[in-house]
Protein chains: 2
Amino acid sequence: MTLKELADRLGLSPTTVSRALNGYPEVNAETRARIEIAARDYGYRANTMARKLATGRSMAIGHVIPLSNHQMINPIFAEFMAGASEIYSSEGYETLLAAVPAANEVQTYRELARRRSVDGLIVHAPRLNDPRVDLLRELELPFVVHGRSVDIEDRPVFLDTNNRRSFEQATTYLIELGHTRFALLNGMETISFARRRRRGFEQALQNNGLRSDASRMVDMEMTETNAYDVTMKWLNEPKPPTAILTSSTISALGVARAIRDAGLQIGDDVSLITHDDDLSFMRNVGDPPPFTALQSPIRDAGAKCARMLIDHIAGKKVSSEIWKCEFIEGRSTGPAPKETPA
Amino acid sequence: MTLKELADRLGLSPTTVSRALNGYPEVNAETRARIEIAARDYGYRANTMARKLATGRSMAIGHVIPLSNHQMINPIFAEFMAGASEIYSSEGYETLLAAVPAANEVQTYRELARRRSVDGLIVHAPRLNDPRVDLLRELELPFVVHGRSVDIEDRPVFLDTNNRRSFEQATTYLIELGHTRFALLNGMETISFARRRRRGFEQALQNNGLRSDASRMVDMEMTETNAYDVTMKWLNEPKPPTAILTSSTISALGVARAIRDAGLQIGDDVSLITHDDDLSFMRNVGDPPPFTALQSPIRDAGAKCARMLIDHIAGKKVSSEIWKCEFIEGRSTGPAPKETPA
DNA sequence: GCATATTGCCAAAACGCTTTGAGAGGGAGC
DNA sequence: GCTCCCTCTCAAAGCGTTTTGGCAATATGC
């Protein structure tokens, strides 16, 4: 069923039918109703391609995921996508996913632009001085950044959490519990949020006259296994940390497993605070929940970014947002253990 | 830069330029070379929409994810997507994602078909007598099923793992270790793979004169938290299970946490075997790895399904495949503990 | 040397929609 | 009754490709 066929059956011109269905004002209410009913009855839907070609809008939002060397797929990203994609659908947009080898990332953006495949993009996990920002500006594609590139002047529209402040706050909380030997299990510091978290961590230590130990600050892909290995190594060192901060619940599980395998008690021998993206398959719930955490639902962030981008594309003025993490006291923290004289 | 512009600059017709760039034979090698160089220099790319409209092919593959009531996003799905999407990209296809409320699922398929937005689809997590199979046949859209609908005669093309046999094998392994009190922590049994796993589990028990206990077989969304809660409950019952099988590493982590929180030792007091989709952020590695597992890399499955679908669309004959899980002995299993006379 | 293939190119017609510009019909204003 | 202005509708021209059908020019077969 094409527009023309539908028009023929109604004894109207394609023009009128098109206008009626697209909500243009210059069509009689009665005619419109008749057209709408017919369209529904015949199950007519405009052919996406034809519409896109005619309007010049693709009605699609792109998400480019670079598959890193490590070939790690980020479940956090998946949760973000779920939030975003739901909004796209409800607003009539399609979600275009491009999982490409990291080396092809820039090329992929260029292609998307040249072929006009998408109306806009979300930039994930911005790095320092992220080249994608300039690239997308050059390509004149609307975009919203999830995260912040502090170093970029004339900042693009972004949504971020207050990573620095959160980690400073969490660290201070642990300091007040008497802890003095800290460790930070961070995400990859090529990505700006990780840097900001470290800065918050270091700031809190410094504010309280404590020194950060480079060997106790690790940045890595946030896998359970990585976290386990690193924590195990730390715990086997002399003067192991009694307080660990980590960047995701996934790593937190690895840390927790290591602590237990080392024969220690979480929240007792070793305290742990994690950033918690509130992943649907890994909810930090209970009364109190297992982890003391800095929570910021990534899914909501996805939905919000989607809305911001859609508004941005529509030419509306959108302003960036910085969300606060919620601090949740759980069972993974407690007073620093008494020093056992070696 | 449009095709016409490019043709004008070259002093050729759009026809010839199009043919040259699309590899048709009826163009002089010399001319073709000239065209290709010019296209590269000017950075010409065919407009996706125009091409789609002209060819009638959307060069996109759709994945519809129903967002359930529980609003759980499946990280396993994300890993599958990564595998699939990479293949699509490399074959010139785009990946279309539609995350919609479960209630809109059928409607979404219908819309995708009517608007001709995709050339084919992957059906995820088939249920018993899954209505999507008939629907997609009716809509005449090519598709590949990830999983099996045993009940459907004239089965569609599918890729599955031998879930029944694997779970039978794993259960038998535990029986041979002397275990007699079992529990199964399954995925949602509305989905066919979960049923098959249970059948394998029950079969093994029956083969060895053991009875399955309905209260020790639970199906649920595979979250860490769910797994923790259920396991905790079991462990607090009289005659708790000494052997637990679970459907994903995520639930396995929950089980493990519960076992430890109950003051028990994994592989010692309680044995655990998990199905392992080999998620990139949760690799079951080590020597031996922490979990005894039935491993089947979901990412490879995604890539394979993608290839099957692309071949299917191209009209090639593709046959379904059933993959075997690899049995990996890890540290989470051991001989049944001696019965302590209560 | 003539008829017949083959090669290399082009003009024009799709593809199915939106949008522009125009025009018929009817009501209002004088 | 005439003009003017709405309201509603339409024909036609895009949008940027691919594809069909054809036509010169050259090569091939006898």
Side-chain angles (χ1 to χ4, degrees), chain A residues 1-36 38-39 42-60 92-94 111-119 314, chain B residues 1-36 38-39 42-60 92-94 111-119 314:
Chain A
M1 171 68 62
T2 70
L3 182 66
K4 195 159 167 313
E5 283 167 28
L6 181 62
D8 286 350
R9 301 204 194 198
L10 283 161
L12 291 167
S13 76
T15 310
T16 306
V17 179
S18 171
R19 306 210 108 131
L21 295 175
N22 290 312
Y24 283 80
E26 54 271 269
V27 44
N28 192 316
E30 210 171 296
T31 314
R32 185 194 302 276
R34 198 157 65 89
I35 292 174
E36 278 169 353
Y42 291 120
Y44 168 77
R45 286 300 133 134
N47 178 304
T48 327
M49 278 88 84
R51 162 177 273 165
K52 288 173 176 180
L53 181 56
T55 58
R57 304 185 53 193
S58 70
M59 289 308 282
Y93 279 86
E94 289 173 344
E111 299 260 309
L112 288 174
R114 284 202 288 223
R115 327 174 106 128
R116 316 237 131 251
S117 294
V118 297
D119 288 339
Chain B
M1 169 70 61
T2 70
L3 182 66
K4 195 158 166 312
E5 283 168 27
L6 182 61
D8 286 350
R9 299 206 195 197
L10 283 161
L12 292 166
S13 77
T15 310
T16 306
V17 177
S18 171
R19 307 210 106 132
L21 295 175
N22 290 310
Y24 283 81
E26 55 272 87
V27 41
N28 191 315
E30 210 171 295
T31 314
R32 185 193 302 278
R34 196 157 65 92
I35 293 174
E36 278 169 352
Y42 290 120
Y44 168 78
R45 285 300 133 135
N47 178 306
T48 327
M49 278 86 84
R51 162 177 275 167
K52 287 175 177 178
L53 180 58
T55 59
R57 305 183 55 193
S58 70
M59 289 307 283
Y93 279 86
E94 288 173 345
E111 299 259 309
L112 287 174
R114 285 201 288 224
R115 328 173 105 129
R116 314 235 136 258
S117 293
V118 297
D119 289 338

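Chain identifiers are assigned alphabetically (A, B, ...) following the order of the sequence lines, protein sequences preceding nucleic acid strands; residue numbering begins at 1 within each chain. Reckoned from all heavy atoms, side chains included, excluding hydrogens, waters and symmetry mates. Small disclaimer: the values here were computed from a predicted structure and weren't measured.
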Tell me, please, the opening and closing nucleotides of DNA chain C, 5' to 3', among those with an atom under 4.0 angstrom from a non-hydrogen atom of chain A.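 Extent of the interface on DNA chain C: C:dG16 to C:dG21.
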Listed partners of [X] passing side-chain contact (heavy atoms from CB on, under 4.5 Å), at least two apart:
X        : answer
A:Arg57  : A:Thr55, A:Met59, A:Tyr93, A:Asp119, A:Ile313
B:Ala54  : none
B:Leu112 : B:Val64, B:Leu96, B:Thr108, B:Ser117, B:Val118, B:Leu121
A:Glu36  : A:Leu21, A:Arg32

Check each residue of residues 2-13 of chain A for a non-hydrogen atom within less than 4.0 Å of any atom in DNA chain D, then write out the ones that pass by number, or none.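 Correct list: A:Gly11, A:Leu12, A:Ser13.
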Please give me the minimum heavy-atom distance between B:Gly43 and A:Arg114, naming the atom from each residue.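 Answer, listing the atom of B:Gly43 first, then A:Arg114: O-CD, 3.0 Å.
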First and last nucleotide of DNA chain D touching chain A, 5' to 3', heavy-atom cut-off 4.0 Å?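 For DNA chain D, the relevant span reads D:dC8 to D:dG16.
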Is any side-chain heavy atom of B:Ser58 closer than 4.5 Å to one of A:Met49?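 Counting from C-beta outward, A:Met49 and B:Ser58 do come under 4.5 Å.
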Below 4.5 Å, heavy atoms only, C-beta onward: do A:Glu94 and A:Lys52 meet side chain to side chain?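 Side chain of A:Glu94 against side chain of A:Lys52, heavy atoms only: contact under 4.5 Å found.
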Contact class for B:Thr55 vs. all strands (heavy atom < 4.0 Å): base, sugar-phosphate, or nothing?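 Sugar-phosphate contact only - B:Thr55 comes under 4.0 Å of backbone atoms but never of a base.
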So how far off straight is the helix from C:dG1-D:dC30 to C:dC30-D:dG1, going by the axes through five pairs at either end, to 10°?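 Here the helix ends are tilted 40° relative to one another.
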For A:Thr15 and B:Thr15, take the nucleotide of DNA chain C holding the closest heavy atom to each; which residue's nucleotide lies nearer the 5' end?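 Counting from the 5' end, the first nearest nucleotide belongs to B:Thr15.
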Rounded to the nearest 0.5 Å, what separation is found between the CG atom of A:Leu53 and the OG1 atom of B:Thr48?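 Answer rounded to 0.5 Å: 10.5 Å.
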Considering only residues two or more places apart or on different chains, which pairs with a residue in residues 16-30 of chain B satisfy side-chain hydrogen bond (donor to acceptor under 3.5 Å, both in side chains)?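 Only B:Ser13-B:Thr16, B:Ser18-B:Asn22, B:Asn22-B:Arg51 qualify under side-chain hydrogen bond (donor to acceptor under 3.5 Å, both in side chains).
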Residues that A:Arg115 engages under side-chain hydrogen bond (donor to acceptor under 3.5 Å, both in side chains), provided they are two or more places apart: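 Partners of A:Arg115 under the side-chain hydrogen bond (donor to acceptor under 3.5 Å, both in side chains) test: A:Glu111.
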In residues 16-28 of chain A, which residues come under 4.0 Å of DNA chain C by heavy atom?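 Those residues whose heavy atoms fall under 4.0 Å from DNA chain C, taken from residues 16-28 of chain A in numerical order, are A:Ser18, A:Arg19, A:Asn22, A:Tyr24.
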Listing, residues 2-12 of chain A side-chain donor-acceptor contacts under 3.5 Å, not counting sequence neighbours, or none:
| unit_1 | atom_1 | unit_2 | atom_2 | d |
| --- | --- | --- | --- | --- |
| A:Thr2 | OG1 | A:Lys4 | N | 3.4 |
| A:Thr2 | OG1 | A:Glu5 | N | 3.2 |

